[in-house]
Amino acid sequence: MFTRRHFIASAAATLAAPAIVRAQSIWRRYPFSLGVAAGDPSPDGFVIWTRLAPEPLAEHAGMVMAPMNVAWEVASDSGFATIVARGDAAARPELAHSVHVEVAGLQPDRPYWYRFQAGGERSIIGRARTLPAASASPASLKFGVAGCQAYDDGYYTAYRHLAREELAFVYHYGDYIYEYRGGTIRPGFGGGVTVSVREAVGDTLYGIADYRRRYAQYKSDPDLVRAHAAHAFFHSFDDHEIANNWVQEIVDGGATPEVFRVRRAAALQAWYEHMPVRRAQMPRFGDVAMRRAVRYGDLAEIDILDTRQFRTDQPCEDGFKPRCEGVGAANASVLGAEQEAWLTQNLRRDPTLWNCVAQQIMMMALDRRTRDEPAPIYNMDAWVGYEAPRRRLLNRMAGLNNVVVLTGDEHQNFAGLLHDGDRPVAVEFVATSISSGGDGQDVRPGSDRILANNPQLKFINDQRGYITCEVGRDEWRTHYMVMDRVSTPGGAISRRATATVARGTPDLTIV
Ligand SMILES: [Fe+2]
């Protein structure tokens with residue numbers, strides 16, 4: 001906690017002190033408790049982020065409700081001998097004392113280091129890589145894919161391992177937080193009891209203060225802090241940043257669209273405040289322009305999709321169900337007309353060797369039967385519930401022979417083929433959760449049935465972790481990195497499988 005008077009007093013002390021001595025801290029507690037983060041790298045820069053939060057779980061995270069100056073610097077070496085950019089930013093109470101700086105003017109395809117200073121305290125050091133120039137021809141790209149990190153379900157040890165990987169960036173597919181009530185026990189699926197590995201604080205999230213506090217608790221996790229300090233992230237969001245299985249202005253629980261919009265606006269503001277994203281992603285009247293395209297030289301384009309804000313309501317009243325009439329609705333949409341046109345435009349043979357579609361919900365039409373149900377069972381919150389737009393998209397991918405779809409949401413690993421009619425047109429890699437769902441096991445009971453019922457599905461695994469994608473000019477390799485456990489700290493990671501795709505052939509082999 002600080003006051004303006006303290007701040008002025010300590011500033012004066014700085015002037016009087018020898019230059020080598022740092023200003024005396026005005027803080028009773030460390031203000032950079034949520035770490036630092038970088039995001040949305042481009043060939044000439046990236047966003048750097050922090051939030052002043054001396055007491056993460058306290059009201060206003062322990063901050064006085066006044067703006068505070070935060071100094072930032074970017075260096076070309078980890079020792080900060082050569083500072084290449086520096087400046088000041090205001091951490092404002094309107095945005096929970098978060099700071100988003102869009103650093104520009106940097107060199108392409110190299111690492112940089114950044115840090116912040118406020119009130120005589122320094123943040124930890126973060127590292128981020130710029131992307132290669134659009135005109136470059138990189139030999140390879142390695143990036144990570146992660147998401148679904150229910151705090152109550154397990155430790156973030158997978159993030160500690162992810163931090164040690166050599167990566168250009170991480171794509172986060174969403175469910176960064178979960179909006180559920182905290183506590184030691186929760187009703188589990190099928191009526192059982194789920195015991196929290198560690199307790200999320202607070203009740204179900206509805207207002208801005210609720211969402212902010214949940215982010216603050218999640219972001220206090222040291223392994224998550226490590227991952228953000230190690231790599232720049234491209235963030236998207238899925239449902240649990242706001243509420244389970246919401247689309248557009250529709251949510252379970254009886255809220256009218258007008259009422260849900262209030263909650264959605266609060267949640268998306270808190271999302272913005274805690275994500276290293278650009279000004280273009282700042283909420284405007286409750287909406288976030290989340291979709292964006294990323295170019296990695298001539299090697300890959302990554303189209304990051306928003307599969308929530310523009311989607312029509314789930315058919316068959318949502319859930320895992322047999323097909324109902326609504327699945328075939330001609331006016332159903334997953335992306336909305338504008339985003340669908342944008343993606344259609346981007347999916348072409350040139351100018352990059354690979355087209356990657358980074359999104360949230362499963363595109364494979366998997367029959368989910370694990371017992372002797374009479375008819376196929378589908379996940380109505382996934383693309384399979386939206387036959388018309390799914391068919392349009394897969395038809396667009398046909399003939400490109402360079403499309404890789406990345407997915408989250410499922411809390412399991414999957415790898416398989418996407419078909420337009422009978423012909424395979426793309427591959428899909430579904431990345432498991434960091435913690436959601438708990439320890440898991442190699443194969444969930446009943447999954448052998450799912451593999452047998454779905455010939456397009458080549459791999460399934462039910463452990464926690466993340467995936468890494470090694471993209472070469474002729475070959476794409478996806479590594480499934482899995483944790484032996486997340487229910488206790490110190491879990492080990494190992495490579496469970498690698499899926500290989502040859503460019504020009506929408507097929508994959510699993511080793
Ligand atoms: Fe999730």
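Worth saying up front: this structure is predicted, and the values here are computed from it rather than measured. Atoms within a ligand are numbered from 1 in the order they appear, just like the ligands themselves.
- Sparse packing is recorded around CD of Glu338, with 12 or fewer heavy atoms of other residues, nucleotides or ligands lying under 6.0 Å away.
- Inspection of the environment of the Fe ion (ligand 1) yields the following protein N, O or S atoms under 2.8 Å: Cys148 SG, Asp175 OD2, Tyr178 OH, His411 NE2.
- In this structure, Lys142 fails the cation-pi test against Trp476, since its NZ or CZ atom is not both closer than 6.0 Å to the six-membered ring centre and inside 45 degrees of the ring normal.
- Annotation: side-chain contact (heavy atoms from CB on, under 4.5 Å) contacts of Thr312 (sequence neighbours excluded): Gln248, Ala332, Ser333, Tyr386.
- Heavy-atom minimum distance, Val201 versus Arg214: O-NH2, 3.0 Å.
- For Asp221, the salt bridge (charged side-chain N to carboxylate O under 4.0 Å, His left out) criterion is met by Arg198, not counting sequence neighbours.
- Under the disulfide bond (SG atoms under 2.5 Å apart) criterion, no residue pair touches residues 356-390, with sequence neighbours excluded.
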